[in-house]
Every structure is written in structure tokens, then in C-alpha cells.
Protein chains: 2
Amino acid sequence: MSRTTAPGLREARKQQTRQSMLDAALGLLEEQSLSSLGLREVTRAVGITPAAFYRHFRDIPDLGVALVEQALGSLHTLVTSLLTEQDGAEERIDTSVELIQRYVRAHPAHVRFVARERYGGVREVRLAIAAQLNLFTREVADALSAEAAAKDWSPAELHMLAGLFVDQMVLTACAFLNAELGEGPSPTEVADTARARMRLVQLGREHWRG
Amino acid sequence: MSRTTAPGLREARKQQTRQSMLDAALGLLEEQSLSSLGLREVTRAVGITPAAFYRHFRDIPDLGVALVEQALGSLHTLVTSLLTEQDGAEERIDTSVELIQRYVRAHPAHVRFVARERYGGVREVRLAIAAQLNLFTREVADALSAEAAAKDWSPAELHMLAGLFVDQMVLTACAFLNAELGEGPSPTEVADTARARMRLVQLGREHWRG
DNA sequence: CGCAAAGGCAAACGAGTGTTTACTGAATTT
DNA sequence: AAATTCAGTAAACACTCGTTTGCCTTTGCG
């Protein structure tokens, strides 16, 4: 059985232009926020009629939450990669930062979109992003609780630590993006800072109740 | 001598409507991003003609950077307050979080504006915010270097730590704002989490080269 | 006093917006 | 093979937008 529906040449074509719209929107959002993105802009970029928009989305916010699922879906891959790393603390930090940098290079538009709209002007999208990031936080907290170092950490404390990691990941990804764009410090500086921050947190973690 | 110019009833009236425009813009930005804010919207809210806008600002981005200076100017007050605190580490954390919460309650629109436009769609404003936050970071780094605990910390390491504090401050302020609005966890939960994070960082700091 | 400066007004401009309506033609179903 | 579904079209709707032009009225300066 297939994930969505039966083959359906009809449905296939539809999902194809839908994806084209999402891609076009992501491109247009490089230089503006979602709350100023026009429905006609998107359809024009794809090469369809404005009215055709409504065959796929109710309005722009609706398209926005679809973008959230897509962008943070790809981030989900990264998070699970980070969690399955099982080396020592030091190497773990190194590979984490490197993976984040690689991810930003692979999906810059996704990173920008999430960073921009996390506190952006469209309520629905803000809530969708918050929900997904909370989900990430819970995953991280679960993974942390399985480690030996989590011996005497309460669930609430693990959640706090996981949230710190997630926030730091987003912040680091965004810093890499700015670096890649020439706004702000160089990529190697960003990497150094990110590693140092994680080392600091790791130290605090080791002495949490020492 | 006065800060701006001689008394000038003319200039006074001008600065007054200019301030009205900034306030109106800040209000309108509660439900949208700067990149979708219309010039006519602002003038309509103030009660003047669209053409009058150009007597004060070149365009909306220009108004945006004026808002940045205003918003982060008020934040500057908070930062120096935090830095002059000189109690023990634990009480310092408590009063810091409390001051942040108080600040958010006093200037919610400023916090939202900075959080929203820090990675927003208007380049000029992004750069203005980044510049101001870098300035804060240097101030914090300087203050940290004067402490006894900064004995064997290099300038680069101090800058890293200061940046972590600034990022954490912005993040915490934004969390308080969401809490106040009903999006996300309650204010007391936010406060607890923020305190715990700062305690963790403080621990890492104490063992940085132990 | 009298002239220059300047904040604000009124009106018009061309261009872009979201949404609706009736339609066409190809893919699907019966 | 006929009937139905539906992604996309074409055109029109009533607005809103940023910007320019000329004018009025009050303030400021010599």
C-alpha cells in the first residue's frame, strides 16, 4: 500500500504543483516574511492562475503551516541523527556542530523560514512551529533519560535541559545561515562558539548535583 | 544645552507626531511583521495624511530602524541593571529573571518587535538589531571580565559566555511574552526554566577549568 | 513686520491585491 | 462508451497600496 492514495495520475499531478507552490513560496520568503507574502506572487512564480491557488490551500497561513511540516520534517532527520550518536561527550559535540552546519548548507531556506516565522506575524504558523519544537524537545528529553548521566535528574529537569539543547540548535543553525550569507561572523567562528557553549552546558550537566 | 535642538515649538510638534507614528507602528506590529506593514496603515492610525509620512521617514524600513533604537534603548536600561547586581550567584539569578519578567510586562511590544524582526524579512532592521545586540554582548563581556570568577578566561571565552547570556535573555523575555499571551507555558513555569538554565550555565562556568 | 521654511492636506496616478464566477478539458468512475 | 469529477483558466469585482504634485497655514528668522 502507498502512503497517500492509489496511484492516480490525477492526484500525482496535483501534489506536483502543490509542491511547486511550496518551493516557490520558500524561495520568495528569502526576502520577506510570510505575513507579506501574496497569494498572487506564489501562483505567478509557479505559472498558474490566482484562482488555482484555492484548489490547494485555503489561504497563505494555511500554506505556511504546510511549509512548517515540510521544513521541520527535514529537521527531524537531523535531530534523530544527533541523538543516535553514542561517542564520548567531546566528540559528540564536534559531530553535532558539524551535522548542524551540513544541514544548514543542505536546507538553508528551511532554516531561514523556521527562524523567521518562529516569532513571526502569523499566529497559526507560530503555533505550528512551537508544537513541532516541543515535540523535538520531548524526543531529546527521552533520549537523555536513557543515558547513564541522567541518573538523578527529574523529568522536569530533563525537559529543561532538552529545551536548552533545542534552542541552542536553532540558534546555532541560524548563526551558520547568517555566516553563510556574510551577515555576521564567519562559519568557523560560529562553529567555535557553538562548541564552546555546548562544552559549557556539558560541564554544568556533569556537576548538576555534585 | 539640550539633547536635540533649541526649544523650537515647531520641532517639538514634529517629534511628537513622529513619536505617535512609532507608537502606532509598534501597535500595528502586534499582529503582523514589519515587511507587511503599510505606510498608509501607520498614517491612518495616527490620523494624518499618507503624504505626511515622508516628512519623517524615507520608507517603512527606515521607520523600522528608528523602532530598533527605541526598543533596544529601553532594553539597555535593563542590561545595565542586571550587570550592577552584585549579590551571590544564586540571588543574582533570581533577581535577573524577575527583572526580565518585569521588563516584559512593562514593554511587551518592544520585546515582541525585537524577537520578531531579529530574523525578520527586512535586512536593514535585522542588521540594526544585530549591531545593538553585539553592543550588549560586549558590555556584558566587559562586566564579566571585572569579576573574580573570570580569572583564567580569555577574551574570546568571555565573549562566548556573554553572547550566551544575551541570547538567553532574549529567549527568556520572549517566553515570558508568550506566557503572558497564553501561547505556551505559564509565567511561573517560564521563570523556573529560566532560572534552572542559568544555574546550569553558572555551574559550567565554575568548572570551566577545574 | 515680512519673508522663508516646513508640517500637513487633498487629490490623483498606476499598479497590485484577494476573491468570485462561469468555463474547459483531461482523468476517473460506472 | 457515457457520465462525473476536478485542476486549472479567464475575466471581472472592489479595494488597498506607495508616490507625486500643488496648496494652505502656522512657525521661525532677519
Side-chain angles (χ1 to χ4, degrees), chain A residues 1-2 4-25 27-29 31-67 120-125, chain B residues 1-2 4-25 27-29 31-67 120-125:
Chain A
M1 69 183 99
S2 67
T4 53
T5 58
L9 199 157
R10 178 76 134 237
E11 189 68 13
R13 294 264 184 225
K14 176 166 183 177
Q15 297 301 338
Q16 190 173 320
T17 76
R18 182 188 142 104
Q19 187 57 46
S20 296
M21 281 198 274
L22 290 171
D23 293 343
L28 291 166
L29 287 174
E31 289 166 350
Q32 60 182 317
S33 306
L34 188 69
S35 80
S36 69
L37 181 65
L39 159 168
R40 290 181 106 109
E41 258 182 291
V42 176
T43 58
R44 190 186 312 130
V46 172
I48 59 175
T49 281
F53 179 92
Y54 298 100
R55 302 289 182 194
H56 302 270
F57 304 102
R58 200 182 327 116
D59 44 28
I60 287 288
D62 190 28
L63 179 146
V65 319
L67 269 180
V122 182
R123 172 166 233 272
E124 294 182 56
V125 171
Chain B
M1 68 185 100
S2 67
T4 52
T5 59
L9 201 154
R10 181 86 134 204
E11 188 69 12
R13 293 267 184 222
K14 176 167 183 176
Q15 297 301 339
Q16 191 172 321
T17 73
R18 182 188 142 104
Q19 187 58 45
S20 296
M21 281 198 273
L22 290 171
D23 292 344
L28 291 165
L29 287 174
E31 289 166 348
Q32 59 182 316
S33 306
L34 188 68
S35 79
S36 68
L37 181 66
L39 161 168
R40 291 181 106 109
E41 256 181 292
V42 177
T43 59
R44 191 184 313 130
V46 172
I48 60 175
T49 280
F53 178 91
Y54 299 99
R55 304 287 184 196
H56 303 269
F57 304 101
R58 200 182 326 116
D59 44 29
I60 286 289
D62 191 28
L63 179 147
V65 319
L67 269 180
V122 182
R123 172 167 233 271
E124 294 183 54
V125 172

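Proteins come first, then strands; the chains are lettered A, B, ... in the order of their sequence lines, and each starts at number 1.
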Close N/O contacts between protein and nucleotides 20-26 of chain D (under 3.5 Å):
from	atom 1	to	atom 2	distance (Å)
D:dT26	O2	B:Arg10	NH1	3.0

Exercise. Could you give the CD-to-C1' distance, from A:Gln16 to D:dG8, as a whole number of Å?
Worked result: 14 Å
Seminar exercise, completed: Rounded to whole Å, the CZ-P distance (B:Arg58 to D:dT19) equals 11 Å
Problem set entry | Whole-Å distance separating the NE2 atom of B:His56 from the C1' atom of C:dG7 | 7 Å
Exercise. So do the side chains of B:Arg18 and B:Phe57 get within less than 4.5 Å of each other, counting heavy atoms only?
Worked result: yes
Seminar exercise, completed: dist B:Gln32:CD -> A:Ser36:OG (nearest 0.5 Å) comes out at 9.5 Å
Exercise. Roughly how far, to the nearest 0.5 Å, is NE2 of A:His56 from CG of A:Asp62?
Worked result: 12.0 Å
For this session: Identify, between B:Ile60 and A:Lys14, the residue whose nearest nucleotide on DNA chain D lies closer to the 5' end.
Result: A:Lys14
Exercise. Roughly how many Å is it from CD in B:Glu11 to P in D:dG28, rounded to a whole number?
Worked result: 10 Å
Problem set entry | Over 12 foreign heavy atoms within 6.0 Å of CD, B:Gln19 | yes
For this session: Could you check if a side-chain atom of B:Thr17 sits within less than 4.5 angstrom of a side-chain atom of B:Ile48, using non-hydrogen atoms only?
Result: no
For this session: Specify the separation, in whole Å, of atom CZ of B:Phe57 and atom P of C:dG8.
Result: 11 Å
Table of protein N/O atoms under 3.5 Å from nucleotides 12-17 of chain D N/O atoms:
from	atom 1	to	atom 2	distance (Å)
D:dC17	OP2	B:Arg44	NH2	2.4

Exercise. Rounded to whole angstroms, how far apart are CD1 on A:Ile48 and P on C:dT19?
Worked result: 15 Å
Exercise. Within the pair A:Thr17 and D:dA7, is there a side-chain N or O less than 4.0 Å away from OP1 or OP2?
Worked result: no
Exercise. Side chains of A:Ile60 and A:Val122: does their closest heavy-atom pair fall under 4.5 Å?
Worked result: no
Problem set entry | Donor-acceptor pair, side chain of A:Ser33 and main chain of B:Gly120, under 3.5 angstrom | no
For this session: Measure from CG on B:Leu9 to C1' on D:dG28 and round the result to the nearest Å.
Result: 10 Å
Exercise. Would you say the side chain of A:Thr49 lies within less than 4.5 Å of the side chain of A:Thr43, judging by non-hydrogen atoms?
Worked result: no
For this session: Measure the distance from CD on B:Gln15 to C1' on C:dG7 and round it to the nearest whole Å.
Result: 12 Å
For this session: May I ask you to check whether B:Gln15 and B:Glu11 show a side-chain donor-acceptor distance below 3.5 Å?
Result: yes
